[in-house]
Structures are given as C-alpha cells and as structure tokens.
Amino acid sequence: MDTILVIDDDDQLRKSFAKLLVEEKYKVLTAASGEGGIEVVAHNHLDLILLDMRLPGMNGMETFKKIKTIDAKLPVIIITAYSTTDIAIEATKLGAYDYILKPFDIPDMLTLIKQAIDAGYCMRSPVQVDAASCDHAGDAIVGQSRLMQGVYKKIGRVSQTDATVLIQGDSGTGKELVARAVYQHSNRSDKPFLIINCVAIPEHLLESELFGYEKGAFTGATQRHIGKIEQAHGGTVFLDEIGDMPLNIQAKILRLLQERRIERLGGEETISVDVRIIAATNKHLEKAIADGEFREDLYFRLKVVTIELPPLRERREDITTLITHYMEKFSHELKVDNPGIHKQALGLLNRYDWPGNVRELSNMIQKVLIFNRGAPVSLVDVEQILHKKNEEGNQEHIDSDILKKWVWQQLSSPSEPHRFEDFMDTLANIVVSQALTFTNGNRSQAARLLEISRPTLHAKMDKYDIKFKIDVS
Ligand SMILES: Nc1ncnc2c1ncn2[C@@H]1O[C@H](COP(=O)(O)OP(=O)(O)OP(=O)(O)O)[C@@H](O)[C@H]1O
C-alpha cells in the first residue's frame with residue numbers, strides 16, 4: 001500500500017484529502033505544518049507528499065527544500081493557490097514532480113498522484129539485473145540465457161558513461177526495465193529520472209510536456225510551465241516509444257542532443273540543460289527513416305550505444321525461470337500460497353512462441369493464478385488460456401455478430417442515442433461491471449484483469465455509477 005503525506009494547515013482540507021485517499025486504498029499521514037511534515041518524512045517510508053505552499057511558520061518552499069535534503073527522490077506535488085503559483089513553479093524547477101492549482105478536479109488529482117508515485121517508484125525502486133528471481137517487492141530483469149548475458153554486459157558498460165542509449169526490442173521485452181537499470185547504475189542515480197511515453201501523451205501536449213511553455217504561449221497557458229527536460233536537469237530522461245515522436249519534436253530533441261539547449265514554447269530565452277537521454281522503441285527505425293517518419297540525423301545521434309532486447313522465443317531457456325519468478329511474485333501479491341505448476345503445463349508454455357514477450361507471460365501467470373484460486377496450474381488451465389487466445393479470432397467473430405446486431409438496432413431506432421461516445425459508454429459499463437462480478441467485487445483484481453490502474457477503475461465506476469457491496473481488496 002502506498003503512503004501519502006498531506007502537509008496542509010487547513011483542517012478541513014486535510015480531512016477531505018485523507019478520506020478521499022483512504023477510499024483509494026492509500027495509507028495517509030497528515031501534518032498541519034512544515035515542521036510537523038519534516039518530522040514525518042524523517043521517520044517514515046513515504047511514496048508521495050502533497051504539500052500546500054502557504055503554511056504558517058516554515059513556509060512551503062522552505063519545507064520543500066528541507067524534504068529534498070532528507071529524500072531527494074521522494075515525489076512532491078505542490079498544492080497552490082493562484083497567488084503562490086510563482087513559488088510553485090520555482091519548486092518544480094528544483095525537482096517537485098508537479099503543482100496543482102486550487103480548486104482542483106479530483107479525477108485529475110488522482111491521475112497526477114498515480115503518475116507521481118509511479119515516477120518515484122521508477123527512480124527509487126532498484127531493478128535487479130541478471131536475476132534468477134527477486135524479492136517480492138522489487139523488480140528484476142530475470143533470465144540467464146546467453147543473449148541476456150550480453151544485455152547485462154552492455155548495461156554494465158554504458159551505465160557509467162554519459163552516452164545517449166537507444167534500447168530496441170519488440171513490445172514487452174523489458175525496454176523500460178533496462179532503462180531504469182541503466183539509470184540506477186549510472187553516476188546520475190541520485191538525480192531525477194523522468195519517463196516520457198511519446199505515444200501515451202497526445203501529440204499537441206507532448207511538446208509542452210517536454211519543453212515547457214511561457215505564459216501566453218497558447219490559449220490556456222495562464223502560467224509558465226516547466227517541462228520535464230528542464231525538470232530533470234542533472235538527471236536522466238527516458239523517451240519511450242521515440243519511434244512515434246512527431247518530426248517537429250524530433251528536431252528539438254536533436255538540438256538538445258547537439259547543443260544541450262532548449263527553449264520553452266513561446267519563450268525567447270535559451271536554457272542550457274544537462275540531461276542524459278535514454279530512448280527506446282519497438283519500431284524498425286531504419287524503415288521509419290526510409291518512410292520519412294524518422295530523422296536520420298537524430299537516429300545517428302541516438303544510436304551511439306544501442307541495446308537490443310531479444311524476443312522471448314529466441315531465448316527459450318529463460319521461460320521456466322520467468323514462470324517460476326512470476327508464480328512466486330503474484331502468489332505473494334494475491335496473498336495465496338504458490339500453487340505450483342504441473343510439468344506438462346510447463347512444457348506447453350516452453351513451446352509457446354510468446355508474441356507479447358515477457359509482458360504476455362507475466363499477464364498470463366497473473367490471470368491463471370486469479371482463475372485457479374489456489375489450485376495447481378494444470379495442462380488444461382494453460383491449454384484453455386492458450387486455446388482462448390488462438391480462438392480469439394473466432395470468438396471475436398461470434399461476439400461481433402451479436403454486437404453488430406445491437407448497434408444496428410440502435411441505429412435503426414430514432415429514439416435511441418446514436419452518438420459514438422454513448423455506444424462506447426455502454427460497452428465500457430458492461431466491461432467494468434462484468435470484471436467486478438467476475439472478481440466478486442474485488443477492485444484490485446478487477447483492475448488487474450482489465451490491465452488498468454485502480455484509480456482508473458474507480459473513475460469508471462463513478463462515471464457509470466457501478467456499485468459493489470462486496471469488496472475484499
Ligand atoms: N527480463 C525480464 N524479467 C522480468 N520481467 C520482465 C523482463 N522483461 C520484461 N519484464 C516485465 O514485462 C513487462 C513489460 O516490460 P517493459 O514495460 O519493460 O517492456 P517494453 O519493452 O518497454 O514494452 P513496450 O515496448 O510495450 O513499452 C513489465 O511488467 C516488466 O517488468
């Protein structure tokens with residue numbers, strides 16, 4: 001359970017925050033002053049701090065600086081009123097994760113909290129390299145095949161340099177894990193590590209997210225905003241899915257790599273930044289260059305050092321180790337005894353091609369443990385899951401016939417809503433409700449099954465007014 005400290009002198013606000021966050025299954029500690037907050041930071045393991053800027057006694061900025069001296073990597077979200085935004089911006093320059101203006105939207109706040117905790121986790125939680133397995137809490141790059149030994153050697157060699165690194169490999173092969181390992185073994189490991197997923201952020205926001213903007217740069221830019229690259233000064237930025245980065249932003253990244261400078265959107269000042277770039281892609285960049293989608297000059301800059309991650313089917317000797325590792329890890333998380341796996345089931349999984357690589361393997365183990373509820377994993381269980389995958393084409397065909405009929409009926413009826421969003425809402429409502437029914441109301445398991453976060457699941461339950469009384473999570 002992640003622990004959040006709320007530092008705010010407003011009793012009412014502290015109480016409402018605590019109530020909201022406890023409902024979201026966070027552990028919450030509170031402090032009414034900067035001094036009190038620092039005491040808590042010094043004596044507890046925390047995952048995030050929500051810090052109000054306006055505090056009696058030691059003010060928000062002083063408190064923030066003190067927190068950073070105690071734990072430089074602990075993510076802090078600044079809560080600010082309009083009048084203290086300038087100070088909040090200063091704090092983001094000094095490494096606060098972000099700031100949020102009062103009054104704020106709760107779903108936005110919960111999303112930001114989740115992002116900040118994830119970012120803190122990636123920075124602070126060590127990735128064990130060359131592992132046979134790992135303790136349950138941490139992450140590990142598991143696998144001792146010859147190909148993975150080559151990867152570990154490269155991680156070791158490049159980490160201590162400041163060279164730009166390009167990590168290439170199919171989806172689910174562990175590129176993000178490797179990026180974290182490179183960062184953690186580097187000379188910059190005590191400085192920030194920020195991840196930008198170039199596909200997850202809408203194109204029109206990506207540029208401002210990376211480079212920041214000045215007040216008035218575009219409609220809605222009411223305040224200066226510090227971008228992630230400037231925020232990571234002295235540290236490392238991981239550009240995930242760089243193969244999908246729009247060409248105009250590629251040009252700016254090239255300039256950053258050549259001149260170590262950036263400009264905020266709408267700004268005239270050129271800012272020197274010292275960041276190490278680690279980039280990753282599952283795209284074939286040479287083809288993207290031939291198709292005019294990726295700049296060749298940027299490619300040459302990026303590929304100073306490359307790490308190639310092999311697909312799982314090319315290192316089959318790691319499959320059993322990975323299965324053992326994930327059986328242990330998820331049994332622990334699901335609080336069940338590791339049920340074990342039959343030899344024949346293991347054999348089948350060793351012969352399977354794993355197109356989704358380690359991510360597919362880990363999802364499969366997680367699902368089979370949830371479905372089995374403590375019973376050993378048999379050949380039939382594994383066959384059923386793999387069979388379902390193979391049959392997915394057919395299944396989709398049957399399901400899509402029913403769906404098509406329903407959509408047709410709706411479209412034919414003048415009284416039914418026809419908006420695309422309404423169709424999607426109806427479907428989403430059914431999916432979330434079914435997942436909760438399936439897991440007997442256990443929200444953590446439902447979120448896991450749907451591969452969404454708990455806050456996202458909760459937001460959807462709120463949106464569709466889905467209520468479940470039984471929640472054993
Ligand atoms: N060698 C490995 N050992 C243990 N877990 C692994 C390994 N490789 C990947 N994983 C796990 O598989 C999942 C996917 O890994 P990751 O996100 O690093 O892949 P990726 O290559 O970045 O994928 P994508 O291109 O889709 O972003 C994660 O849960 C990660 O912990």
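Counting starts at 1 for both ligands and their atoms, following the listed order.
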Pairs satisfying salt bridge (charged side-chain N to carboxylate O under 4.0 Å, His left out), at least one member in residues 227-236, at least two apart: Glu209-Lys228, Glu230-Arg264

For Val237 and Ile229, work out which heavy atoms get closest and say how close. CG2-CA, 4.3 Å

What's the shortest distance from [atom] to any protein heavy atom, and which residue and atom give it?
| atom | answer |
| --- | --- |
| atom 6 (C) of ligand 1 | Val358 CG1, 3.3 Å |
| atom 5 (N) of ligand 1 | Tyr326 OH, 2.7 Å |
| atom 26 (O) of ligand 1 | Ser171 OG, 2.6 Å |
| atom 16 (P) of ligand 1 | Gly174 CA, 3.7 Å |
| atom 1 (N) of ligand 1 | Val142 O, 3.1 Å |

Among Met148, Gln128, Lys175, closest by heavy atom to atom 20 (P) of ligand 1 is Lys175

Which one of Glu241, Arg315, Glu176 has a non-hydrogen atom at the shortest distance from atom 27 (O) of ligand 1? Glu241

Under 4.0 angstrom from ligand 1, any heavy atom of Leu322? yes

Would you call Asp139 a ligand 1 contact, heavy-atom distance under 4.0 Å? no

Do ligand 1 and Ser362 have nitrogen or oxygen atoms that lie under 3.5 Å from each other? no

Which pairs of donor and acceptor atoms, one on a side chain in residues 171-182, lie under 3.5 Å apart (sequence neighbours left out)?
{"unit_1": "Ser171", "atom_1": "OG", "unit_2": "Arg359", "atom_2": "NH1", "d": "3.4"}
{"unit_1": "Thr173", "atom_1": "OG1", "unit_2": "Asp170", "atom_2": "O", "d": "2.6"}
{"unit_1": "Lys175", "atom_1": "NZ", "unit_2": "Gly169", "atom_2": "O", "d": "2.9"}
{"unit_1": "Lys175", "atom_1": "NZ", "unit_2": "Asp170", "atom_2": "O", "d": "3.0"}
{"unit_1": "Arg180", "atom_1": "NH1", "unit_2": "Asp139", "atom_2": "OD2", "d": "3.1"}
{"unit_1": "Arg180", "atom_1": "NH2", "unit_2": "Ser125", "atom_2": "O", "d": "3.2"}
{"unit_1": "Arg180", "atom_1": "NH2", "unit_2": "Asp139", "atom_2": "OD2", "d": "3.1"}

